[in-house]
Amino acid sequence: MIDKIVLASGNAGKLREFSQIFSEWQVEVLPQFAFDVPEAEETGLSFIENAILKARNAARHSGLPALADDSGLAVDALGGAPGIYSARFAGAGADDAKNNSRLLEALQGVDDSHRGAAFYCALAFVRSAEDPVPVVCTGSWRGRILQAPRGEQGFGYDPLFWVEEHRCSSAELARETKNRISHRARAMEHFAAAWQALAEEH
Ligand SMILES: O=P(O)(O)OP(=O)(O)OP(=O)(O)OC[C@H]1O[C@@H](n2cnc3c(O)ncnc32)[C@H](O)[C@@H]1O
Ligand SMILES: [Mg+2]
């Protein structure tokens, strides 16, 4: 029975959302910083490859089963950029504010009808660092990039991500609403279905 896992992320926003989502699960979820897990090199060419790399890294350094999330924003008018480079869109020393400014700059003059975008999330779960059959679940979330940021909640690109069905930005959504409809929520729904079988493995 798996009753403790490590979350292979250094992103405080993700850790917050995962702890909210996992709060109803019967499993203890520990952040990787509790085991001094060094940041993994994200050398994959896809969200899935990077998620597997991060999960194996955390499992190796913690000795626990590990769940990792590699996610990002793909903007139609930028040919899907920043994609897997979303965390470093503004280059070295990038942070959420710099990444958002870089995104607004890159979309300068692009009208609302051409600012479509989607968030992607790939989750990878490994029972151990060498697990030959990682469990991989993905989710996506379509929206539109605003001309100016709105809202204080969430993290990353949330202030620029317009959610048509709620007529607000992702940073204006209530946390429980975002945790029901986001790319991460959708990937976690698939993971929840796989978890039943996983948790019962001896
Ligand atoms: O790799 P870890 O340690 O998990 O942390 P990270 O922030 O580097 O995470 P990624 O490599 O997966 O990059 C994700 C990027 O996409 C952004 N992002 C991911 N999910 C998001 C969400 O739900 N809302 C807003 N931005 C998000 C986030 O801000 C990062 O810039
Ligand atoms: Mg990262």
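When a ligand or atom number is given, it counts from 1 through the structure's own listing order.
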So does Arg142 pair up with Asp76, basic N to acidic O under 4.0 Å?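 Result for this pair is yes, salt bridge flagged.
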Heavy-atom contacts with [X] under 4.0 Å: which atoms of ligand 1 show up? List them by number with element.
| X | result |
| --- | --- |
| Ser86 | 15 (C), 16 (O), 31 (O) |
| Asp70 | 10 (P), 11 (O), 12 (O) |
| Asp69 | 4 (O), 12 (O) |

Does a donor on one side chain sit under 3.5 Å from an acceptor on the other, for [X] and [Y]?
| X | Y | value |
| --- | --- | --- |
| Asn57 | Glu41 | no |
| Glu49 | Ser46 | yes |
| Ser140 | Arg186 | no |
| Ser113 | Asp111 | yes |

Take atom [atom1] of [X] as the centre, draw a 6.0 Å sphere, and report whether it contains more than 12 heavy atoms from other residues, nucleotides or ligands.
| X | atom1 | value |
| --- | --- | --- |
| His114 | NE2 | no |
| Gln20 | CD | yes |
| Glu165 | CD | yes |
| Phe35 | CZ | yes |

Return yes when [X] approaches ligand 1 closer than 4.0 angstrom through a heavy atom, no otherwise.
| X | value |
| --- | --- |
| Lys178 | yes |
| Lys54 | yes |
| Arg88 | no |

Before we go on, tell me: are the rings of Phe161 and Trp141 under 6.0 Å apart, centre to centre?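 Yes, ring centres under 6.0 Å apart.
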Distance from [atom] to nearest protein heavy atom, with residue and atom:
| atom | result |
| --- | --- |
| atom 19 (C) of ligand 1 | Ser71 OG, 3.2 Å |
| atom 7 (O) of ligand 1 | Asn11 ND2, 2.8 Å |
| atom 31 (O) of ligand 1 | Ala87 CA, 3.1 Å |
| atom 3 (O) of ligand 1 | Gly10 N, 2.8 Å |
| atom 9 (O) of ligand 1 | Lys14 NZ, 3.0 Å |
| atom 29 (O) of ligand 1 | Gly156 CA, 3.2 Å |
| atom 20 (N) of ligand 1 | Arg184 NH2, 2.9 Å |

Could you check Arg150, Arg167, Lys178 and say which one makes a side-chain contact (heavy atoms from CB on, under 4.5 Å) with Glu172?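 Among Arg150, Arg167, Lys178, the one that satisfies the side-chain contact (heavy atoms from CB on, under 4.5 Å) with Glu172 is Arg150.
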Give yes or no for whether the N/O distance cutoff of 3.5 Å, strictly under, is met between His183 and ligand 1.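 Between His183 and ligand 1 (N or O atoms, distance only) the closest approach is under 3.5 Å.
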Please indicate whether any nitrogen or oxygen in Asp158 is less than 3.5 Å from any nitrogen or oxygen in ligand 1.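 Such a contact does occur with ligand 1.
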Metal check, the Mg ion (ligand 2) vs Glu42 N/O/S, cut-off below 2.8 Å: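 Yes, within the cut-off.
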Nearest option to atom 21 (C) of ligand 1, as decided by whichever heavy atom of Phe155, Tyr157, Tyr120 sits closest: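 The nearest heavy atom belongs to Phe155.
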If you measure from atom 2 (P) of ligand 1 to every heavy atom of Gly72, Ser9, Ala94, which option wins on shortest distance?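 Among Gly72, Ser9, Ala94, the closest heavy atom to atom 2 (P) of ligand 1 comes from Ser9.
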